[in-house]
Student: 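Structure provided below as structure tokens; questions to follow.
Counting starts at 1 for both ligands and their atoms, in listed order. These values consider heavy atoms only, across backbone and side chains, with no hydrogens, waters or symmetry-generated copies.
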Amino acid sequence: MANLDKYLTIEDLMKAAKRRVPKMFFDYADSGSWSESTYRDNTTDFEKIKLRQRVAVNLENRNLATTMMGQPVSMPVAIAPVGSTGMQSADGEIKAARAAEKFGIPFTLSTMAICSIEDVAENTTKPFWFQLYVMRDKPFIERLIDRAKAAKCPVLVLTMDLQILGQRHKDIRNGLKAPPPITPKFLFEIATKPAWALGMLGTKRRTFRNIAGHVTEAVDLASLSQWTATQFDLTLNWKDIAWIKKRFGGPVIVKGILDAEDARLAVENGADGIIVSNHGGRQLDSAPSTIRVLPEIVDAVGNRTEVLMDSGIRSGQDVLKALALGAKGTFVGRAMAFGLGAGGEAGVTRALQIINKEMDVTMALMGERDVKNIGLHNIYSNDLQKRQGY
Ligand code: GLV
């Protein structure tokens with residue numbers, strides 16, 4: 001394994017992943033819908049927020065540990081559910097889950113993962129979180145929830161912003177499929193990505209294993225877009241939270257909240273937490289960035305539920321900005337996917353180390369010793385007034 005210490009930023013890992021992962025799968029991670037304006041805003045809006053520097057504060061014994069959904073975490077960063085993670089690197093979900101458990105943070109497995117709930121449970125020692133997409137086949141969804149329970153997943157993440165798939169031009173142009181069709185073009189490409197290809201040849205996990213063999217209907221699983229178009233339940237609504245919660249019997253957090261009114265509705269309908277998310281800019285293009293809407297959502301429900309956020313977090317500074325604006329914790333998807341592509345499990349660990357170090361140093365330079373004390377007072381105030389005028 002290459003020395004990963006040379007990668008100093010998530011962008012470094014992204015560039016390495018681009019060299020090592022077939023274009024179809026790298027592009028799947030590095031894309032947003034339509035013009036990708038929301039995808040871009042998710043990161044550039046973080047840059048507009050300025051932090052307040054304080055000096056002459058005792059900086060001994062700094063602490064990044066806190067809790068997310070009552071679970072102790074070594075830093076307020078969980079791994080987001082990312083579809084097809086096992087196509088960034090063979091057995092990618094297992095590798096990322098192992099990196100997360102060693103780091104002391106939650107890993108969230110996607111319904112649309114390559115490795116199944118059982119694959120990840122058999123190859124890890126600590127419970128991971130499970131993300132649920134609701135499909136038309138209700139008995140299948142009930143069994144999926146039961147499988148997450150059997151694997152002792154402590155938290156269920158119910159995604160509500162993807163009943164139809166946002167149009168992603170890169171995926172359409174690349175003919176995205178898992179497993180990929182073996183065309184001359186693809187064979188030519190993997191000749192330059194031998195480590196990826198060797199890994200894939202060495203695993204049996206090459207399709208959506210939460211689903212394959214578990215649905216009664218014979219379906220072509222290879223294309224995510226076709227699968228969502230035909231299988232996802234278009235009637236998913238707030239009332240569904242109740243039966244999902246009852247079936248799961250543990251905390252259910254609702255992912256995909258980008259509006260204060262929806263945040264209220266999620267809480268009123270029993271959500272135990274919410275994830276402020278625009279699905280990494282992959283669904284409604286022209287929706288606002290999550291860091292922009294976070295404060296109004298925290299104002300609406302922050303005293304009634306745990307507000308978490310994702311979309312656009314590429315550094316420890318971004319995590320601190322989200323906390324300062326009221327999030328209790330954050331999720332990283334692409335940082336994990338790029339780490340995985342760059343260096344497998346060690347690459348995910350490297351991504352987490354990068355974020356952890358950025359958080360620690362930034363927190364110190366802001367004159368804070370404990371991540372639990374981060375708040376609005378850490379934001380340079382002129383920017384607070386300007387927030388409305390992005
Ligand atoms: C699936 O969750 C995707 O965004 O591709």
Student: I241 and I244: side-chain contact (heavy atoms from CB on, under 4.5 Å), yes or no, with the steps?
Tutor: CA-CA 5 Å; I241 297 174; I244 290 167; 5.9 Å; no

Student: For a salt bridge (charged side-chain N to carboxylate O under 4.0 Å, His left out) with D119, tell me which candidate from R205, R98, R147 qualifies.
Tutor: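 Testing each of R205, R98, R147 against D119, the sole residue satisfying salt bridge (charged side-chain N to carboxylate O under 4.0 Å, His left out) is R205.
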
Student: If you measure from each non-hydrogen atom of M112 to ligand 1, which part falls under 4.0 Å: side chain, backbone, both or neither?
Tutor: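 Neither; no heavy atom under 4.0 Å.
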
Student: Tell me, which protein residue and heavy-atom name are nearest atom 4 (O) of ligand 1, and how many Å apart are they?
Tutor: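 So the nearest neighbour among protein heavy atoms is R282 NE, 2.8 Å.
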
Student: Suppose we measure from atom 3 (C) of ligand 1 to each protein heavy atom; which comes out shortest, and what is that distance?
Tutor: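 Scanning the protein heavy atoms, the shortest distance from atom 3 (C) of ligand 1 goes to R168 NH1, 3.1 Å.
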
Student: Classify the angle between the aromatic ring planes of F25 and W196 as parallel (below 30°), tilted (30 to 60°) or perpendicular (above 60°).
Tutor: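 It falls in the parallel class, under 30°.
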
Student: Any atoms of ligand 1 less than 4.0 Å from a non-hydrogen atom of Y28? List them with their elements.
Tutor: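 Those atoms are 1 (C), 3 (C), 5 (O).
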
Student: Please identify which atoms of ligand 1 are closer than 4.0 Å to at least one heavy atom of H279.
Tutor: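 So the atoms of ligand 1 that pass are 1 (C), 2 (O), 3 (C), 4 (O).
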
Student: What is the closest protein heavy atom to atom 2 (O) of ligand 1, and at what distance does it sit?
Tutor: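 The closest heavy atom on the protein side is Y133 OH, 2.5 Å.
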
Student: Under the 6.0 Å and 45° cation-pi test, does R282 pair with Y28?
Tutor: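 Pair R282/Y28 counts as cation-pi.
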
Student: For the rings on F26 and F338, is their centre-to-centre separation under 6.0 Å?
Tutor: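 Ring-ring flag for F26/F338: true, centres closer than 6.0 Å.
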
